[in-house]
Amino acid sequence: MEAEKTSTRLDLAKQGGAGQQTALTSSWVTLQHELFRALWIASVASNIGTMMQEVGASWLMTELAPSPLMVALIQTAGALPVLLLSFAAGALADIVDRRRLLIFSQSWMLVAAAALGILTVFHLTSPGILLALTFLMGFGNALTGPVWNAIVPELVPRAEVGAAVSINSVGYNVARAAGPALGGLVVAAAGSGPVFLLNAASFLGVIVVFYRWRRKPRKSVLPAERVMGAMRAGWRYVAHAPSIRSTLVRTGLFTLGASAFWGLVPLYARQQLERGAAGYGALLGFFGSGAVLAGTILPRLQRRLGIKRLLIFATALNVGAFLLMSLLRYYPVACAATFAAGFAWTTTFSTLNTSVQLNTAAWVRGRAMAFYQLLYFAALGGGSAFWGSVAERVGIPRALLVAAVALAMSLTAVARYPVGFGEGLNLAPSSRPIPDVVNEPEAEQGPVLITVEYRIDPGRAAEFATVMLELRRFRRRDGAVDWGLFEDVAKPGRYLETFVVESWGEHLRQHERATVADVKILERTQSFHLDGGTPPVSHLLYAYHQET
């Protein structure tokens with residue numbers, strides 16, 4: 001489906017229960033879940049439609065405006081909305097009903113594709129219309145990507161999330177192998193217009209599945225977040241979640257190096273291997289075959305090697321592939337190398353994608369996945385352009401050699417930026433009681449200063465201060481814009497924790513956002529309190545809120 005087209009283009013648990021690596025031996029086991037199976041089948045069909053659309057759009061542009069710039073703008077028009085709107089789309093994925101958002105985005109793309117098909121059939125399409133409707137398709141893509149990733153843990157048990165991500169990659173690569181060929185046949189037989197209409201029809205299956213999904217909406221007594229506020233909350237969460245930051249750093253480093261494949265292989269096939277379009281297509285077929293194999297057996301590899309060793313292995317495999325392509329310019333060797341590169345690509349991105357999902361609470365998962373998607377596309381586009389410029393100066397073989405060195409150097413980040421699947425992390429919702437107040441403020445009023453007073457054993461002061469740093473991450477991650485811990489110089493053992501939240505409504509959302517893991521952090525810090533019970537908490541509303 002179009003969601004997969006965005007979030008896992010080139011690859012891109014039920015919440016609750018402790019995080020764990022999947023114990024599955026094959027990703028195909030996830031298809032035993034009826035809803036996930038229906039969505040997967042529909043997504044493969046829709047991905048095939050998109051691959052056909054890309055062939056049809058590029059070919060049509062060669063007829064309407066046969067210049068390299070205009071043909072290249074087809075890709076720009078489709079990708080630009082994703083880069084511009086991903087984070088806002090991630091916020092929407094967390095503050096509106098995800099099922100309805102998916103139905104809307106799929107319907108949007110259906111209408112855009114159908115309009116393009118009808119106009120083309122009647123020879124009314126101009127270069128401007130083609131670019132505009134391609135941009136509108138990209139807008140639907142941008143809406144769909146984060147929310148599709150965010151719903152995966154709702155469709156399968158937590159232990160199978162990694163396998164579900166892998167099987168989505170398999171489906172995408174199957175479509176990538178079949179779609180262009182089918183698109184070329186239809187264009188040759190009937191023109192681009194029927195291709196666009198077939199792509200429009202491919203969205204129908206996805207819409208039907210989502211329409212029949214009886215998703216239980218997340219209930220809240222609070223007003224819905226506004227988009228800008230939700231975006232700020234998402235930024236704070238990612239900024240104060242070390243596990244997610246580590247995964248994003250590793251995503252950027254690998255993508256920058258591995259993107260050399262997409263920036264250089266087309267000319268590598270033409271100039272170094274002296275092959276035509278068929279030879280280049282076959283290379284991509286080997287890449288896709290390696291990706292399909294990786295997606296199929298990835299759960300077994302994750303279980304046997306562990307996440308750390310598996311990612312090192314995948315990076316080393318990609319380094320080897322680039323070295324082979326650089327040093328041994330023979331077509332059979334290149335086919336084997338691209339197979340290895342495809343295997344490494346899917347292994348890495350499926351694992352990183354799963355890591356973000358399993359380390360993120362449900363309330364903010366769409367925004368976290370939007371960060372992942374945005375970083376991926378930015379690194380892919382920037383990296384491809386960079387390697388192209390390097391190749392212009394030193395040649396394609398040497399550029400591939402430099403890319404191999406860059407990938408190898410990225411392994412130095414393994415120790416500092418570990419990647420995991422949220423092992424031992426329970427992100428099931430565990431809302432805390434709403435504060436008791438005499439005069440209930442309006443949700444928009446603020447800012448709000450919250451103070452918590454602790455009386456601890458002075459002999460445990462150092463230990464307490466260390467534990468409170470973990471609480472600081474929790475407070476900042478869930479909405480605090482400022483945090484501090486202060487010691488009373490007149491009364492040893494008396495500490496005052498303070499944090500500021502933008503509004504009263506945002507503070508109430510902090511209580512709703514709490515997970516089991518968060519509550520354990522609170523319980524650990526409160527265990528230092530000597531007076532029994534919970535430490536006294538005060539809520540102070542900014543006195544000049546009416547004037548501001």
Side-chain angles (χ1 to χ4, degrees), residues 13-24 30 33 35-36 90 93-99 146-165 213-222 224-225 230 233-234 236-238 240-244 246-247 307 353-369 371-372 419-435 467 470-471 473-480 506-527 534:
K14 296 237 188 234
Q15 268 316 318
Q20 55 183 306
Q21 291 186 26
T22 177
L24 302 178
T30 57
H33 304 289
L35 178 59
F36 182 78
D94 289 327
I95 64 178
V96 304
D97 183 85
R98 289 170 178 170
R99 170 180 167 271
V147 67
W148 169 253
N149 276 289
I151 68 167
V152 170
E154 300 182 40
L155 306 177
V156 298
R158 181 179 175 87
E160 297 181 22
V161 170
V165 172
W213 178 23
R214 294 295 175 256
R215 178 179 183 264
K216 294 182 179 179
R218 180 172 172 263
K219 296 181 180 180
S220 174
V221 297
L222 300 175
E225 292 181 84
R236 282 194 297 267
Y237 188 96
V238 171
H240 295 282
S243 58
I244 299 176
S246 291
T247 302
I307 305 306
N353 182 302
T354 303
S355 176
V356 174
Q357 296 203 40
L358 294 184
N359 281 286
T360 307
W363 68 268
V364 74
R365 191 181 301 122
R367 282 162 278 189
M369 294 311 303
F371 263 107
Y372 172 80
V419 173
F421 279 2
E423 294 83 356
L425 187 64
N426 190 338
L427 297 177
S430 181
S431 297
R432 294 177 289 140
I434 299 298
V467 172
E470 188 175 1
L471 182 62
R473 283 195 295 268
F474 156 55
R475 303 285 198 203
R476 294 297 301 270
R477 193 185 62 220
D478 281 8
E506 187 67 7
H507 178 55
L508 295 182
R509 290 188 186 97
Q510 281 187 305
H511 285 258
E512 275 198 345
R513 293 165 177 168
T515 66
V516 173
D518 297 332
V519 171
K520 287 183 177 179
I521 295 174
L522 285 171
E523 291 174 347
R524 186 180 177 193
T525 58
Q526 292 173 1
S527 68
T534 59

Worksheet item: How long is the span from the CD atom in Glu470 to the OG1 atom in Thr525, to the nearest 0.5 Å?
Response: 9.0 Å
Item to complete: Calculate, to the nearest 0.5 Å, the distance between atoms CZ and CD belonging to Phe474 and Gln510 respectively.
Response: 7.0 Å
Fill in: Closest contact, heavy atoms only, Ala164 versus Thr30
N-CG2, 3.7 Å
Response to the item:
Between Val156 and His33, the two heavy atoms sitting closest are CG1-CD2, 3.8 Å
Worksheet entry | Those residues that, when tested against Phe371, pass ring pair (Phe, Tyr, Trp, His ring centres under 6.0 Å) (two or more places apart) | Phe87, Trp235
Worksheet item: If every non-hydrogen atom of Arg513 is compared with every non-hydrogen atom of Gly479, which pair is closest and at what distance?
Response: NH1-CA, 4.2 Å
Item to complete: List for me each residue that meets side chain to side chain contact (heavy atoms under 4.5 Å, CB included) alongside Val96, sequence neighbours excluded, and say none if there are none.
Response: Leu92, Leu101
Practice prompt. Please name all residues satisfying side-chain hydrogen bond (donor to acceptor under 3.5 Å, both in side chains) with Gln526, sequence neighbours left out, ordered by chain then number.
Written response: none
Practice prompt. Measure the OG1-CE distance between Thr360 and Met369 for me, rounded to the nearest 0.5 Å.
Written response: 7.5 Å
Fill in: With Arg475 via salt bridge (charged side-chain N to carboxylate O under 4.0 Å, His left out) - residues at least two apart
Glu497
Practice prompt. For Ser527 and Arg524, indicate whether the former's side chain and the latter's backbone hold a donor-acceptor pair under 3.5 Å.
Written response: yes
Worksheet item: In chain order, what residues pass the salt bridge (charged side-chain N to carboxylate O under 4.0 Å, His left out) check against Arg473, with sequence neighbours excluded?
Response: none
Fill in: Any Val364 side-chain heavy atom under 4.5 Å of Arg477 side chain
no
Discussion item. Arg476: which residues meet the side-chain hydrogen bond (donor to acceptor under 3.5 Å, both in side chains) condition with it, sequence neighbours left out?
Written reply: none
Item to complete: Not counting sequence neighbours, which residues clear side chain to side chain contact (heavy atoms under 4.5 Å, CB included) with Pro435? List them please.
Response: Trp504, His507, Leu508, His511, His539
Discussion item. Please find the pair of heavy atoms, one from Gly366 and one from Pro146, that lie closest to each other, and give the distance.
Written reply: O-CB, 3.6 Å
Worksheet item: With sequence neighbours excluded, what pairs up with Arg99 under the salt bridge (charged side-chain N to carboxylate O under 4.0 Å, His left out) test?
Response: none
Worksheet entry | Residues in side chain to side chain contact (heavy atoms under 4.5 Å, CB included) contact with Leu35, at least two apart in sequence or another chain | Leu39, Leu155, Val209, Trp213
Fill in: Glu523 CD to Asp518 CG distance, which is reported to the nearest 0.5 Å
11.0 Å
Discussion item. Treating Tyr237 as the side-chain partner and Ala361 as the backbone partner, does any N or O pair qualify as donor plus acceptor under 3.5 Å?
Written reply: yes
Fill in: Electrostatic pair Arg509:Glu512 at N-O distance under 4.0 angstrom
no
Fill in: Qualifying residues under side chain to side chain contact (heavy atoms under 4.5 Å, CB included), relative to Ala517, sequence neighbours excluded
Leu425, Thr515
Worksheet item: Is there side-chain contact between Val161 and Phe421, with heavy atoms separated by less than 4.5 Å?
Response: no
